[in-house]
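This structure is a prediction, so every number in the text was calculated from the model and none was measured. Lettering of chains follows the sequences in order, A, B, ..., and the numbering in each one begins at 1.
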Amino acid sequence: MTTQPTVVIHKKEMKRCVLFTLAGRFDSSTARQLEEALQLTLNAGHFNLVLNMAGVEYMSSAALRVLISTAKECRKTLNGGDLRLAAVSPRVQQVLDLAGLDTLFQSFESEVEAVGSF
Amino acid sequence: MTTQPTVVIHKKEMKRCVLFTLAGRFDSSTARQLEEALQLTLNAGHFNLVLNMAGVEYMSSAALRVLISTAKECRKTLNGGDLRLAAVSPRVQQVLDLAGLDTLFQSFESEVEAVGSF
Amino acid sequence: MSTDSSPAASAVHELILPAEAAWLATVADFLCSCCAGWQIDEDAQFEIQLAVDEAATNVITHAYAGQPGRIHLRCWVADGDFHIELIDQGRTFDPETVPPPDLTGPLDTRREGGLGMHFMRQMMDEIDFVFSPTGNRLHMIKRGVAS
Amino acid sequence: MSTDSSPAASAVHELILPAEAAWLATVADFLCSCCAGWQIDEDAQFEIQLAVDEAATNVITHAYAGQPGRIHLRCWVADGDFHIELIDQGRTFDPETVPPPDLTGPLDTRREGGLGMHFMRQMMDEIDFVFSPTGNRLHMIKRGVAS
Ligand SMILES: Nc1ncnc2c1ncn2[C@@H]1O[C@H](COP(=O)(O)OP(=O)(O)O)[C@@H](O)[C@H]1O
Ligand SMILES: Nc1ncnc2c1ncn2[C@@H]1O[C@H](COP(=O)(O)OP(=O)(O)O)[C@@H](O)[C@H]1O
C-alpha cells in the first residue's frame, strides 16, 4: 500500500569522498530532498561525491536537474571535485541516455570502484 | 508501486492437519483465491485446517465468508474436523470481533500451538 | 451534497474505475494516499478502508451484479471529518430492508455473508444512500479523524 | 477526443488530484494499476510513467506555478494503443516555442532543466496540446503497447 512518497538518502563520509546511497522513487517531489542533502554537503566543503544508484527505481528529469547542478558546483571548485555514479540500473541509465548525460558523468559498476576513483 | 492485487497462500500438509500460511490483502477479489485453495483441500478429504494469519494485512467480510463456510464444512464431517487460526494480528482480530466471530474460531498465539491442537 | 466549497474543506480527490473486484486494491491505494495527506491515523485509515471496500464490493456484486459498470469515488475532508461518496449507475435497493446480521449464534446457524452493511455502519459515523436518475450515491462520513 | 465509445476501446480510468508534487507517487500507482490491467509490459509502463510524471510536473510547476489547482487524468486503451489525457485549469503556453534541449555539449554549458518536454516526446508516439476555455488538455498516445 502506498503511504507518502518515500525515498531513502543515506550519507556516509569517507576519507576522500562522501558516499550517498539512494533508494526509491525520485520525482519532482522527492528530488527536492536529494537537492537538500547534496547542498548541505557542498556547504560543508565536500566536493567529491559518489551516488550509489542501485536502489533507485525511478528518476525523472527533476532528479537530473539536481545531478547536473551539483556536478557543476563540484567541478568548479579549485581542487576540481566531481560527482560520480555507481551501480546505475538499466532504468536509470535509460533516463541518463535520454538526456544525453551518459558520457558526462563518470559511472562505475560498483560503489567500491567509484569511491576508489577519488 | 502496486501491480495487480496479490496475496500469498502457502499450503503444507502435516501429519494431522493442513497448514496454510496467508499473506497480503484479502478483499472480495483475493478472497476467491483463498476459497479455491481451501476447497481443493476439503475435496481431497482434509478437514483439519490451520490458517497462519500473521501476514494478513487486511481482511474484509468477503474473507470471513470463506472462513465461515469452510469451518462449517470441516465441522460437519463424521470425525469432526475444524478450521483453527494462528497468529491473528490486532487488525484481523478487529474484523473477527466486528462479525461476532471471535469466540467461534479457536485461535492460537503461534502456528505450533495451533498445529499441535489437532 | 459535497461541502467542498466551504472554507474549511479540502480539495476533492476522485477516482473512476471499472466495477470489478480486481480494482479494489487500487481503491485501497488511493484511499491510503488521501488519508496520509490529511494526517488521518492508521486506525482510522483501516476503518475507512474497510467501509469503502465493503461498499465498493456491494456495488460490484449487487448494484451491477456482474454487469460491466463504473464506480466513481470522491473523497474530501471538511471540519476535521472525512467524507466519501461512491456513485454508481447500477440497480437500486432499499437499505432499510437489509436485516442486521446475527452476531451471537453458533457457527452452524451463521449466514455466509450479510456482514458488509454492518461493517460500513460500524466503521463510519454516518451513512446515507441517495438514489436518483443520475445514479446511486452513497455518502459516508467519519468524524473527527482529519487534522 | 476520447475514443472510449469505439468497440475496441477499454473503460476510461480517471483520477482527479491536487496539483501538488506530493501526489505524483499516487499518479504513478494509478498508472501502474491501469497498465497492469491492460497487460502493458514493464518497459512501456516505465516510459508511460516518465512521460506522465513530466507532464504532471509541468502542470504543477508552470501551468499553476505554485497556485492551488487540480489535475484531471483520464486514460484508456483503444486498438492496442494507450491514451492519456491530462486536464488542468492553469495558464496556457505555446509548446512550439519550447526549444529542444542541448544533449551533446559539455556539462558546464548544459541547462538545469528544459528536459521535460523532450522526455515526453521521446517516450510517447503522439503529443497534442489543446487549450480551451474549459481547460488545457494534453493528449498523449503510446502505440501498440496494450493487448
Ligand atoms: N449497492 C447495493 N446495490 C444493491 N443492493 C445492495 C447494495 N448493497 C447491499 N445490497 C443488498 O443488501 C444486502 C446486504 O448487503 P451486505 O450486508 O453487504 O451483505 P452481502 O453483500 O454479503 O449480502 C445484499 O445481499 C444486497 O441484497
Ligand atoms: N503545462 C505547461 N504549462 C505552461 N507552461 C509549460 C507547460 N509545460 C511546459 N511549459 C513551458 O515549457 C518550458 C519547457 O518545459 P520542460 O521541457 O518540461 O522543462 P522545464 O520544466 O524543466 O523548464 C517550461 O519552462 C515552461 O515555460
Side-chain angles (χ1 to χ4, degrees), chain A residues 1-7 23-35 38-39 49 56-77 80-85 89-107, chain D residues 15 17-33 41-64 66 71 98 100-124:
Chain A
M1 232 169 305
T2 324
T3 50
Q4 288 298 72
T6 38
V7 290
R25 201 190 124 75
F26 288 87
D27 59 22
S28 58
S29 173
T30 51
R32 238 175 288 161
Q33 296 176 43
L34 179 60
E35 188 164 25
L38 294 174
Q39 196 57 53
L49 311 181
V56 177
E57 297 158 19
Y58 175 83
M59 196 170 78
S60 77
S61 73
L64 292 185
R65 182 195 286 260
V66 175
L67 298 194
I68 295 171
S69 69
T70 309
K72 280 187 186 175
E73 278 212 58
C74 290
R75 293 188 191 174
K76 78 173 176 226
T77 56
D82 200 8
L83 178 148
R84 296 180 184 163
L85 306 178
S89 69
R91 288 272 180 254
V92 169
Q93 189 61 50
Q94 186 180 351
V95 177
L96 290 169
D97 292 352
L98 266 174
L101 289 169
D102 40 326
T103 56
L104 297 188
F105 289 110
Q106 278 196 55
S107 180
Chain D
L15 181 68
L17 291 173
E20 292 161 16
W23 288 95
L24 291 170
T26 305
V27 171
D29 276 346
F30 168 75
L31 286 176
C32 201
S33 298
D41 74 33
E42 295 219 339
D43 287 345
Q45 275 193 40
F46 176 80
E47 299 183 0
I48 288 167
Q49 200 196 129
L50 186 55
V52 175
D53 190 40
E54 299 290 351
T57 295
N58 280 350
V59 170
I60 296 165
T61 320
H62 303 302
Y64 289 117
I71 305 179
V98 174
D102 168 15
L103 303 175
T104 54
L107 192 70
D108 55 340
T109 68
R110 294 290 182 98
R111 281 179 54 209
E112 286 141 34
L115 290 165
M117 292 277 285
H118 170 67
F119 279 18
M120 289 156 59
R121 292 201 178 102
Q122 294 293 309
M123 299 292 97
M124 305 301 270

Which one wins on heavy-atom pair count under 4.5 Å against chain A: D:Leu50, D:Thr61, D:Thr104?
D:Leu50
Given heavy-atom pairs under 4.5 angstrom as the criterion, report whether the side chain, backbone, both or neither of D:Glu20 touches chain A.
neither
Is any side-chain heavy atom of D:Arg110 less than 4.5 Å from a side-chain heavy atom of A:Leu104?
yes
On a heavy-atom basis, the closest approach of D:Glu112 and A:Arg65 is O-NH1, 3.3 Å
Between A:Arg91 and D:Asp43, is any pair of side-chain heavy atoms under 4.5 Å apart?
yes
Identify the heavy atoms of D:Ala21 and A:Ser28 that sit nearest to each other, and give their distance.
CB-OG, 4.1 Å
Nearest heavy-atom pair of A:Leu98 and D:Leu103: which atoms, and what distance?
O-CD2, 3.9 Å
So which of A:Pro90, A:Gly100, A:Ala62 has the biggest tally of heavy-atom pairs under 4.5 Å with chain D?
A:Gly100
Pull out the residues in residues 51-60 of chain D that come under 4.5 Å of chain A, heavy atom to heavy atom, sorted by number.
D:Asp53, D:Glu54, D:Thr57
Which atom of A:Glu57 lies closest to which atom of D:Phe46, heavy atoms considered:
O-CE1, 4.2 Å
Check whether any side-chain heavy atom of A:Arg25 lies under 4.5 Å from a side-chain heavy atom of D:Leu24, and answer yes or no.
yes
Side chain, backbone, both or neither of A:Leu64 within contact of chain D (heavy atoms, under 4.5 Å)
side chain
State, yes or no, whether a side-chain contact exists between A:Arg75 and D:Leu107 at a heavy-atom distance under 4.5 Å.
yes
Portion of A:Val66 that has a non-hydrogen atom of chain D nearer than 4.5 angstrom:
neither
